[in-house]
Amino acid sequence: MENNRRPRTLITGGAGFLGSHLCDRFIAEGHDVIAMDNLITGSVDNISHLAGHPNFKFVKHDVSNYIFIDGPLDYILHFASPASPIDYLKIPIQTLKVGSLGTHNALGLAKAKNARILIASTSEVYGDPLIHPQTEDYWGNVNPVGFRGCYDEAKRFAEAITMAYNRYHQVQTRIVRIFNTYGPRMRLDDGRVLPAFVGQALRGEDLSVFGDGSQTRSFCYVSDLVDGIFRLLMSDEQEPTNVGNPDEITILQFAEEVLRLTGSKSKIAYKPLPQDDPKVRQPDITKARKVLGWQPKIDRSEGLKLTLEYFKKRV
Ligand code: UDP
């Protein structure tokens, strides 16, 4: 309790995949939660189970415009942003605005309310990395003018302005660098590799492997990620912190894993590799282990089974 009342927490992007899971976690922790979302990539379906909950409120708003919240606020989690390559290719300007203007507004609100704020950053700040696995002190290898630049540079700006508010205005800030995450409430059509492959396998379509499939990713189950974020918010760590699962796999091996798991007879169809697609990605989570006492608990086979149950009902 903060001053004999429940902590009050704003989650921007609260109707999105990660945002909605954060709403669940913070309500379970006894917070009053305000979810804010413009529903461009989020959906009220992700929070419909919270409708009417006495500690939950939804506000439809685009946080790239001034954010008005009545009353006190203790925590802000700034998660509003398109996060799938096909989304930010379709809406690059909104992506840049929410990462820059939206982050500025969220920081201004944190300053006005004396709230602690956590910003969702990304492994994309490392770009196509030349250091592997990626440690927090790596500055990255980003093409600012490529198709991914709108997302990568918006998030890099978001980190920079967050540190400026921390140093110049003494706002309590946290920055999480999120690596590939999956689980229920991902959109089947969001274009990311996991929903794409699972959807294709369940529909009996060929699995679209981009390039030769030798590029790697490391997938974290959503409940592990949410736990890392909660711990980071409550910690004293102000520098960016990687949260993700270091279990790395090539995209081709991942396609084969999805075929095995679903028992699908689909084949693999090779498609052109998108521009600037990172060749490798694996979080170094030494810092999260040490500072947050955190590490992922759900391995890919367990997480995929849980996610498959969700997708089966939606294909
Ligand atoms: N990918 C793929 N087929 C798809 C979608 C993605 O082979 O239908 C590849 C993509 O080229 C990338 C990896 O899977 O190397 C992960 O892509 P995703 O869009 O999930 O996110 P990213 O990690 O690139 O941001």
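One-based numbering, in listed order, for ligands and for the atoms of each. In this chain, residues are counted from 1 in sequence order.
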inquiry  = Between F17 and Y182, is the ring centroid distance below 6.0 Å?
reply    =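 Ring centres of Y182 and F17 not closer than 6.0 Å.
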ask   = Hey, would you say the F230 and F26 ring centroids sit under 6.0 Å apart?
value =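 They qualify: ring centres under 6.0 Å apart.
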ask   = Going by heavy atoms in the side chains, are V125 and D152 under 4.5 Å from each other?
value = no
remark   = Residue set satisfying salt bridge (Lys or Arg N to Asp or Glu O under 4.0 Å) with R174, at least two apart, ordered chain then number -> none
key: With E237 via salt bridge (Lys or Arg N to Asp or Glu O under 4.0 Å) - residues at least two apart   =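 Only K287 meet the salt bridge (Lys or Arg N to Asp or Glu O under 4.0 Å) criterion with E237.
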task = Quick one, list the residues around ligand 1 where some non-hydrogen atom comes in under 4.0 Å, by chain and residue number.
result = P85, E124, R148, N180, G191, R192, V193, A196, F197, S208, V209, F210, Q215, R217, I251, P274, D277, R281
For residues 243-253, please give each side-chain donor-acceptor pair under 3.5 Å, one per line with the distance, not counting sequence neighbours.
| unit_1 | atom_1 | unit_2 | atom_2 | d |
| --- | --- | --- | --- | --- |
| N245 | OD1 | D247 | N | 3.0 |
| D247 | OD2 | R300 | NH1 | 3.3 |
| E248 | OE1 | H132 | NE2 | 3.1 |
| E248 | OE1 | Q282 | NE2 | 2.7 |
| E248 | OE2 | H132 | NE2 | 3.0 |
| E248 | OE2 | T216 | OG1 | 2.5 |
| T250 | OG1 | Q253 | N | 3.0 |
| T250 | OG1 | Q253 | OE1 | 3.4 |
| Q253 | OE1 | T250 | N | 3.1 |

